[in-house]
Undergrad: 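This structure is in structure tokens; I'll ask about it shortly.
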Amino acid sequence: MDNAQPRATKREWIGLAVLALPSMLVTMDLTLLHLAVPQMSADLGPSSSELLWITDIYGFAIAGFLVTMGTLGDRVGRRLLLLLGAGAFGLMSVLTAYATSPEMLIAARALLGVAGACLAPSTLSLIRNMFPRPAERTTAVTIWSTAFMLGGALGPVVGGVLLEYFWWGSVFLLAVPVMVALLALGPVLLPEHRNPEGRRVDLVSSVLSLVAVLAVIYGLKETAKYGIDAASGAAIVGGLLVGYVFVRRQERLEHPLLNLRLFASRAFSSSLTILLLTVVFLMGNQFLIAQFLQSVLGLSPLETGLWLLPAVLSGLVSAFAAITLVRRVRPGYVFAAGLVLAAAGFVILSGVSAADGPGTVLTASTLMFVGVTPVAALGADLIVGAAPPDQAGPAAALSETAHEFGGALGIALVGSIATAVYGRSLADAYPSGAPAGSDDTLAGALEAAAAMPDQAGQALMDAAREAFALGLRVNSFVAAPMMLLLGALAAFLLRRITPAAQEADMPAEPETAAAH
């Protein structure tokens, strides 16, 4: 019961602030490089294949190593793994900033992703132990989750400012002072926690999970960029087959890398599924919104980040409001209400056109963030809270994997739909005299239009921008009813999870307690 657990002290809350900063930087690094690509390409001259690996390898490495690092932290100590990851992240950030060749940058970004995989599950699993009271843990996880999301949103803003005055590598040096502070304050403020049984990490399972995640995400990203073909299809199918072998191995092992019994808890499995699917639609459409603001409306990266910032800040406010609300209202109903708001945002976005200003996008994004941010925060809390303390590391890793995998899947699915709609729409309105191949991407069409005579070039620009806006409208039209469906599922599947205020006075419900 909640009252039987000790209250968190000032030390734990200060320690939470220390944990939130590196989490923010891990997600910020996902978006910083996208802004630096033009300067970095001019400096290092990577090929198209090398550029693909430079931009993607960081996310690949994080997603592939999360489950392994979550289990490793339980064995060697979560604080120790966090501090080792912080030191490695700082060093690899310096190496990334001063890379002198594409190959060096790819290697540095890969190692940076491995270090990031040490940080993410360690921070969330430590929070699980630092805040044993459900109500306090909900607040702590919400703060951590909002910092995690804020990092991705602040990336374009901070990166835009730095790139305005410094070279491309400067965006990666942001991590160095934060990691130094974590190394200095972590041993003082953060408790150590490890699994007393000290089980050895199954290396075969670790390799299988890495190969499965990397293969599927690689196939999805390739499909999003170039469409489905034999190579991307083989990667996805192969990854799923390896994932099946991984699951069967976990069922046979006495001490598995991933305890599949966690999924017997409805709170755990339902929250994980809803979180994954919500991230799919939010991240996929945010990916299109960023392009729409820059390439269709002509905003700079910094202006784009500033226009989106109010939406993100509104999401933070809604997340903290949900902390209070969930003490009196069942989490499933809070999820449902948030997803209805997100659906309203997608409805507004389904009417956007190239002639609209950024205000329409801001209104839609605000409703989307206000609705989805509580789902992300409370979902992470339910996932980690449903796991026993000795499984907090793997549970936290699965929560983070839902974010990474959902983001990749969202960009792949939404990007594929947008690309198909864009190509067909532009083909119907393709102006005469446009260069062959300029209808493949919006960037290619705008570049071709700039080299054409004024009237013909303007006609191609207008047609390409409206075709891209149509792709955004179609995806939003699909996302709106999906948000409503997820809201209904949340209200039904999580209807028995009690409000936090009631948890203080009664035992956990059987479906949640079963996970313990």
Side-chain angles (χ1 to χ4, degrees), residues 142 145-146 149 152-153 270-293 307-308 310-322 325-326 329-353 356 358-380 382 402-403 406-407 409-418 421 469-495 497:
T142 300
S145 297
T146 50
M149 294 185 66
S270 300
S271 299
L272 187 67
T273 302
I274 292 169
L275 177 62
L276 172 66
L277 295 177
T278 301
V279 170
V280 164
F281 289 99
L282 179 67
M283 293 299 292
N285 281 277
Q286 285 299 311
F287 171 73
L288 294 182
I289 286 173
Q291 294 184 70
F292 179 84
L293 290 174
W307 269 102
L308 292 177
V312 178
L313 294 178
S314 299
L316 301 186
V317 173
S318 74
F320 287 107
L325 188 60
V326 81
V329 181
R330 292 178 183 268
Y333 300 152
V334 177
F335 276 35
L339 290 168
V340 168
L341 285 177
F346 281 116
V347 168
I348 293 175
L349 202 60
S350 67
V352 74
S353 72
D356 291 330
T360 302
V361 175
L362 173 61
T363 302
S365 295
T366 298
L367 287 171
M368 290 156 59
F369 272 100
V370 167
V372 168
T373 304
V375 175
L378 298 176
L382 287 177
H403 279 96
L409 184 59
I411 292 174
L413 293 177
V414 173
S416 296
I417 294 173
V421 172
L470 177 60
L472 179 57
R473 291 198 298 272
V474 169
N475 275 292
S476 301
F477 185 78
V478 173
M482 288 302 301
M483 291 294 103
L484 294 176
L485 176 60
L486 288 175
L489 289 175
F492 176 75
L493 294 175
L494 301 176
R495 67 191 185 282
I497 309 300

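Any value given below was found using the heavy atoms of this structure, including those in side chains, with hydrogens, waters and symmetry copies removed.
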Undergrad: Taking salt bridge (Lys or Arg N to Asp or Glu O under 4.0 Å) as the cut-off, I'd like each qualifying pair that reaches into residues 474-488, sequence neighbours left out, listed once.
TA: none

Undergrad: I'd like a table of donor-acceptor pairs (distance under 3.5 Å, sequence neighbours excluded) in which one partner is a side-chain atom from residues 310-320, with atom names and distances.
TA:
{"from": "Ser314", "atom 1": "OG", "to": "Pro310", "atom 2": "O", "distance (Å)": "2.8"}
{"from": "Ser318", "atom 1": "OG", "to": "Gly315", "atom 2": "O", "distance (Å)": "2.8"}
{"from": "Ser318", "atom 1": "OG", "to": "Val370", "atom 2": "O", "distance (Å)": "2.9"}

Undergrad: Does anything in residues 276-287 pair up under salt bridge (Lys or Arg N to Asp or Glu O under 4.0 Å), and if so which pairs, sequence neighbours excluded?
TA: none

Undergrad: List the atom of Asp356, the atom of Gly351, and the distance in Å for their closest heavy-atom pair.
TA: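 Heavy atoms only, the tightest pair is OD2-O, 3.9 Å.
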
Undergrad: Do the non-hydrogen side-chain atoms of Leu362 and Pro358 ever get within less than 4.5 Å of each other?
TA: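 Of all side-chain heavy-atom pairs linking Pro358 with Leu362, none is under 4.5 Å.
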
Undergrad: Decide yes or no on side-chain contact (heavy atoms from CB on, under 4.5 Å) for Leu349 and Ile289, but give the supporting numbers first.
TA: CA-CA 9 Å; Leu349 202 60; Ile289 286 173; 3.7 Å; yes

Undergrad: side-chain contact (heavy atoms from CB on, under 4.5 Å) between Ser365 and Val361: does it pass, once the steps are laid out?
TA: CA-CA 6 Å; Ser365 295; Val361 175; 3.9 Å; yes

Undergrad: Check Leu288 against Gly471 and note the closest heavy-atom contact, atom names and distance.
TA: CD1-O, 4.5 Å

Undergrad: Tell me every residue that passes side chain to side chain contact (heavy atoms under 4.5 Å, CB included) with Ala336, counting only those two or more places apart in sequence or in another chain.
TA: Ala491

Undergrad: What pairs with Ile348 under side chain to side chain contact (heavy atoms under 4.5 Å, CB included), at least two apart in sequence or on another chain?
TA: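 Counting only residues at least two positions away or on another chain, Ile348 forms a side chain to side chain contact (heavy atoms under 4.5 Å, CB included) with Thr360, Thr363, Ala364, Leu367.
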
Undergrad: Working to the nearest 0.5 angstrom, can you tell me the gap between Leu339 CG and Met368 CE?
TA: 12.0 Å

Undergrad: Which pairs count as side-chain hydrogen bond (donor to acceptor under 3.5 Å, both in side chains) when at least one residue sits in residues 471-483, sequence neighbours excluded?
TA: Glu466-Arg473

Undergrad: Quick one: are Leu472 and Asn285 in side-chain contact, heavy atoms under 4.5 Å?
TA: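 Leu472 reaches Asn285 side chain to side chain.
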
Undergrad: Would you call Met483 and Leu277 a side-chain contact if the rule is heavy atoms closer than 4.5 Å?
TA: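 No, too far: nothing below the 4.5 Å cut-off.
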
Undergrad: Using 0.5 Å steps for rounding, measure from the CZ atom of Phe281 to the CZ atom of Phe346.
TA: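 With rounding to 0.5 Å, CZ (Phe281) is 8.0 Å from CZ (Phe346).
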
Undergrad: Tell me, do Leu494 and Phe335 make a side-chain contact under 4.5 Å, heavy atoms counted?
TA: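 The answer is yes; the side chains approach within 4.5 Å.
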
